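So the structure is just underneath, and the comments pick up after that.
First the proteins, then the strands, lettered A, B, ... as listed; each starts at 1. Just so you know, these numbers use all the heavy atoms, side chains as well, and skip hydrogens, waters and symmetry mates. What you are looking at is a predicted structure, and each value in this text was computed from that prediction instead of being measured.
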2 protein chains.
Amino acid sequence: MHGFGSAFLLAQVGAHAAQRFAERIAELDLTPAQVGLLRLVATRPGQSQQAIAAQLGTQPTRLVALVDGLEKRGLIERHRNPGDRRLYALELSEDGRALMSRIALTSMAHERALTAALTEGERATLHALLTKIADEQDLTPGVHPGYTRLKGS
Amino acid sequence: MHGFGSAFLLAQVGAHAAQRFAERIAELDLTPAQVGLLRLVATRPGQSQQAIAAQLGTQPTRLVALVDGLEKRGLIERHRNPGDRRLYALELSEDGRALMSRIALTSMAHERALTAALTEGERATLHALLTKIADEQDLTPGVHPGYTRLKGS
DNA sequence: TATTGTTATACTCTATAACTATA
DNA sequence: TATAGTTATAGAGTATAACAATA
């Protein structure tokens with residue numbers, strides 16, 4: 001006798017997942033926004049800050065402090081684009097690449113813990129159903145819609 | 001070749017669901033926080049503000065402005081508890097009860113739109129899997145974990 | 001003295017618009 | 001003049017602590 005639909009359950013479980021993930025990566029001194037940026041720079045290196053802002057659906061001004069923090073920690077490097085000296089080309093440093101491995105391990109542990117109640121087959125089913133929904137709802141793969149509202153120094 | 005796990009998909013689809021729901025109820029001039037409060041008052045009328053705050057996992061001070069707004073619109077009523085005049089007993093007004101019907105319709109439309117990609121059987125499967133996860137993760141039925149971070153005048 | 005609800009303060013986060021440097 | 005990045009300002013939202021009324 002719960003009476004709550006799948007939409008509410010999705011929002012509830014999804015917020016819980018995001019919260020638990022934030023707690024896990026906090027142990028690496030990272031915020032969700034920082035991880036999102038790191039992932040994007042790792043996947044497509046050399047992009048400008050504005051290009052990245054557009055892909056994340058956030059505003060370019062937000063990236064300044066975000067990149068500043070990761071650059072000071074030696075995780076990201078700002079390379080000037082020789083062709084157009086107005087643009088930066090963002091890339092991961094050696095330490096940044098090493099950190100990505102730790103983030104991957106954290107993500108896998110998070111994944112296992114979150115779906116601990118499911119069997120292997122149920123996990124595959126859930127993944128397939130979520131993918132169907134995400135596809136039909138036109139969600140960009142790898143981009144968290146709530147990115148705008150996630151803090152990150 | 002997406003490579004994103006169910007945990008990320010859950011967070012992504014969940015945030016999308018919450019966002020779309022917020023847009024729908026905005027047409028009723030309501031915020032997610034206000035709907036959460038209305039639902040709780042409708043389910044268990046007569047509770048004090050502190051009791052409600054505890055159930056929502058938020059702080060009592062936040063409820064003041066929240067209740068103020070709904071009271072001024074004639075949706076919620078503050079009744080003084082005769083036994084202990086420090087406490088209020090929050091209840092829905094006639095208009096408040098009517099509004100709950102409209103919220104229910106909005107929620108159902110939201111539910112259908114969000115799961116439009118799924119068959120009837122797939123919807124039942126998704127609901128069962130999400131319930132399993134929510135139960136194992138000790139999530140309180142009907143309480144959105146991200147309630148703390150939802151605005152509401 | 002303890003508790004309910006309220007108010008006040010400071011703090012964080014975001015968004016908008018100006019500014020610089022390059023083109 | 002147009003664009004990338006930066007900075008500055010104001011606004012919204014939250015949390016903490018103090019306050020008044022009642023017990």
With a 4.0 Å cut-off on N to O distance, would you call Arg73(A) and Asp68(A) a salt bridge?
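Judged by the 4.0 Å cut-off on N to carboxylate O distance, Arg73(A) and Asp68(A) do not form a salt bridge.
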
Between Glu122(A) and Lys132(B), is there a salt bridge with N-O shorter than 4.0 Å?
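Yes, this pair counts.
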
Base, sugar-phosphate, or nothing: which does [X] touch, judged by heavy atoms less than 4.0 Å apart?
X        : answer
Ser48(B) : sugar-phosphate
Arg78(B) : sugar-phosphate
Gln49(B) : sugar-phosphate

Judged by each residue's nearest nucleotide on DNA chain C, which is more toward the 5′ side, Thr61(A) or Pro82(A)?
Thr61(A)

Atom [atom1] of [X] and atom [atom2] of [N]: how far apart are they, to the nearest Å?
X        : N       : atom1 : atom2 : result
Asp84(A) : dA21(C) : CG    : C1'   : 11 Å
Tyr88(A) : dT3(D)  : OH    : C1'   : 15 Å
Arg62(B) : dT7(C)  : CZ    : P     : 17 Å
Arg80(A) : dA21(C) : CZ    : P     : 11 Å
Leu63(A) : dA4(D)  : CG    : P     : 13 Å
Gln50(B) : dA23(D) : CD    : P     : 15 Å
Arg85(A) : dT3(D)  : CZ    : P     : 20 Å
Leu66(A) : dA15(C) : CG    : P     : 13 Å

Out of [options], which nucleotide sits closest to the side chain of [X]?
X        : options                 : answer
Gln59(A) : dT4(C), dT7(D), dA15(C) : dA15(C)
Leu87(B) : dA17(D), dG5(C), dA4(D) : dG5(C)
Arg86(B) : dA15(C), dA2(D), dT3(C) : dT3(C)

Between atom CG of Leu139(A) and atom NE2 of His16(B), what is the distance when rounded to the nearest 0.5 Å?
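Answer rounded to 0.5 Å: 5.0 Å.
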
Check the angle between the aromatic planes of His110(B) and Phe21(B) and answer parallel, tilted or perpendicular using the 30° and 60° thresholds.
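Aromatic pair His110(B)/Phe21(B) classed tilted.
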
Counting only heavy atoms not in Arg97(A), do more than 12 fall under 6.0 Å of its CZ?
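For Arg97(A), atom CZ is crowded (more than 12 foreign heavy atoms under 6.0 Å).
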
